[in-house]
Amino acid sequence: MLGLAVANDAETFARMQEPLAERGVRAEHVTVTGSVTRLDAPPVDADRFDAGFVYPGRLMEGGVVDAFIDVPWVNGREAVLRSRNKAGALALLSDAGVPVPETVYVSNPADEDAVKGVFEALEPPVVVKPNSATRGVGVTKVSDPDSLGGVTDYLELVHDYRATGDKSYLIQAFVPDATDYRVMVLDGRVVGAVRRDSAGWKHNVHQGATAAGVSLPDRLRALAVDAAAALDVSLLGVDVLATDERAVVVETNARPTIDDTAKYEAEFYDRLAALVRRTAGDGRA
């Protein structure tokens, strides 16, 4: 049986373990997070693994795990970085012709008048979000210049901490009256999608939104597939905002949480197991 090292959180690991085992893939949770680890005595047996699921989100810890097991990853470090850098991903998508909201990248410290000019040009309200945060952390909708100043002052204060690696944020056009979807693309095919709903304007599940499986119209399926192809990521969560008139990709996630089986198409785990086997084979070639 092929061995798969899974660095994702316990929820994802628990959901994938049995379905993958039925398809000849033994998944084991591997992490050094929240532990004391001797570098001369690895806590894992590298011989048990042929591939890794996706590169760990804490990149420094990922480098340690990667050194211990030395296997190819489904979505390696570069794929994770390419998706996590929101501005970089949106620029790549736009260049490939994938529609995205009008977005401006701001690197702190930035000229205050220039930032206010962006706010006015995008016709408020606008969405302000840290460039590399996940799970909706720090995302704010701003409707007036005074509120924008407060948000950007706070971000500049946070970025003053010298250990903060990314000192940038995005100002993005708000898409009103849009339906929010998370679409899972695996090897160039849509294998599942959910509609996310909440009482407020933010629809992140980690902040209380609900997610129900849906069947996507062809135009949204094609949009998500195009996004994954543009970023060259094998397994990608694609966040889409859609109205009757338009649809845009607002973010992507190369470390997507695996949801319950009911939210995926029937062949999801068959395709995931095939991707794991191919990743292992490519790495051992």
Separation of [Y] [atom2] from [X] [atom1] (nearest 0.5 Å):
{"X": "F53", "Y": "T279", "atom1": "CZ", "atom2": "OG1", "answer": "10.0 Å"}
{"X": "E28", "Y": "Q17", "atom1": "CD", "atom2": "CD", "answer": "8.5 Å"}
{"X": "E78", "Y": "L231", "atom1": "CD", "atom2": "CG", "answer": "13.0 Å"}
{"X": "D197", "Y": "D180", "atom1": "CG", "atom2": "CG", "answer": "8.0 Å"}
{"X": "R82", "Y": "N75", "atom1": "CZ", "atom2": "CG", "answer": "9.0 Å"}
{"X": "R246", "Y": "L223", "atom1": "CZ", "atom2": "CG", "answer": "11.0 Å"}

Are [Y] and [X] connected in a single hydrophobic cluster, I mean Ile/Leu/Val/Met/Phe/Trp/Tyr linked by side-chain heavy atoms less than 4.5 Å apart?
{"X": "V240", "Y": "M184", "result": "no"}
{"X": "L272", "Y": "V225", "result": "no"}
{"X": "L4", "Y": "L186", "result": "yes"}
{"X": "L216", "Y": "V249", "result": "yes"}
{"X": "L59", "Y": "V30", "result": "yes"}

Flag, side chain of [X] to backbone of [Y], donor-acceptor distance under 3.5 Å:
{"X": "S35", "Y": "T37", "answer": "no"}
{"X": "Y105", "Y": "G88", "answer": "no"}
{"X": "R77", "Y": "D66", "answer": "no"}
{"X": "H29", "Y": "A5", "answer": "no"}
{"X": "R48", "Y": "V44", "answer": "no"}
{"X": "K263", "Y": "A211", "answer": "yes"}
{"X": "S94", "Y": "L92", "answer": "no"}
{"X": "T257", "Y": "T12", "answer": "no"}

Can you see whether Y169 has K129 sitting over its ring - NZ or CZ less than 6.0 Å from the centre and within 45° of the normal?
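No.
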Identify whether the distance between the nearest side-chain nitrogen and carboxylate oxygen of R23 and D270 falls below 4.0 Å.
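Salt bridge: yes.
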Charged N to carboxylate O below 4.0 Å: is that the case for R196 and D239?
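Looking at D239 together with R196, the answer is yes, because their closest N to O distance falls below 4.0 Å.
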After noting the C-alpha distance and the side-chain angles of F68 and V32, does the key distance pass the side-chain contact (heavy atoms from CB on, under 4.5 Å) rule?
CA-CA 10 Å; F68 283 159; V32 296; 4.2 Å; yes
Under the side-chain contact (heavy atoms from CB on, under 4.5 Å) criterion, do V115 and V106 qualify, and how do the steps go?
CA-CA 8 Å; V115 173; V106 182; 4.2 Å; yes
Taking the side chain as C-beta and beyond, is there a heavy-atom pair between [X] and [Y] under 4.5 Å?
{"X": "F174", "Y": "V127", "value": "yes"}
{"X": "P256", "Y": "L236", "value": "no"}
{"X": "R221", "Y": "V183", "value": "no"}

I would like to know whether R189 and D187 meet salt bridge (charged side-chain N to carboxylate O under 4.0 Å, His left out); could you show each step before the answer?
CA-CA 6 Å; R189 290 181 62 118; D187 256 355; over 6 Å; no
Atom [atom1] of [X] with >12 non-hydrogen neighbours under 6.0 angstrom:
{"X": "R219", "atom1": "CZ", "result": "yes"}
{"X": "E102", "atom1": "CD", "result": "no"}
{"X": "D177", "atom1": "CG", "result": "no"}
{"X": "R58", "atom1": "CZ", "result": "no"}
{"X": "E22", "atom1": "CD", "result": "yes"}

Which heavy atom of A254 sits nearest a heavy atom of V54, and at what distance?
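In this case the closest contact between A254 and V54 is O-CG1, 3.9 Å.
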Quick one: closest heavy-atom pair of A280 and A51, and the distance?
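A280 and A51 have their closest heavy atoms at CB-CB, 4.0 Å.
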Evaluate the side-chain hydrogen bond (donor to acceptor under 3.5 Å, both in side chains) criterion for residues S168 and S107: first the C-alpha distance (whole Å), next the side-chain angles of each, then the deciding distance (0.1 Å), finally the verdict.
CA-CA 4 Å; S168 60; S107 178; 6.0 Å; no
Quick one, N131 with N85, criterion side-chain hydrogen bond (donor to acceptor under 3.5 Å, both in side chains). Give me CA distance, side-chain angles, the key distance, then yes/no.
CA-CA 6 Å; N131 184 48; N85 182 338; 3.1 Å; yes
Check the pair L220 / Y181 against side-chain contact (heavy atoms from CB on, under 4.5 Å), numbers first and verdict last.
CA-CA 9 Å; L220 300 186; Y181 299 97; 3.7 Å; yes
Step by step, work out the salt bridge (charged side-chain N to carboxylate O under 4.0 Å, His left out) result for E120 and K116.
CA-CA 6 Å; E120 294 166 359; K116 287 183 177 178; over 6 Å; no
Test side-chain contact (heavy atoms from CB on, under 4.5 Å) on M16 and V6 and set out the steps.
CA-CA 10 Å; M16 64 165 40; V6 182; 3.7 Å; yes
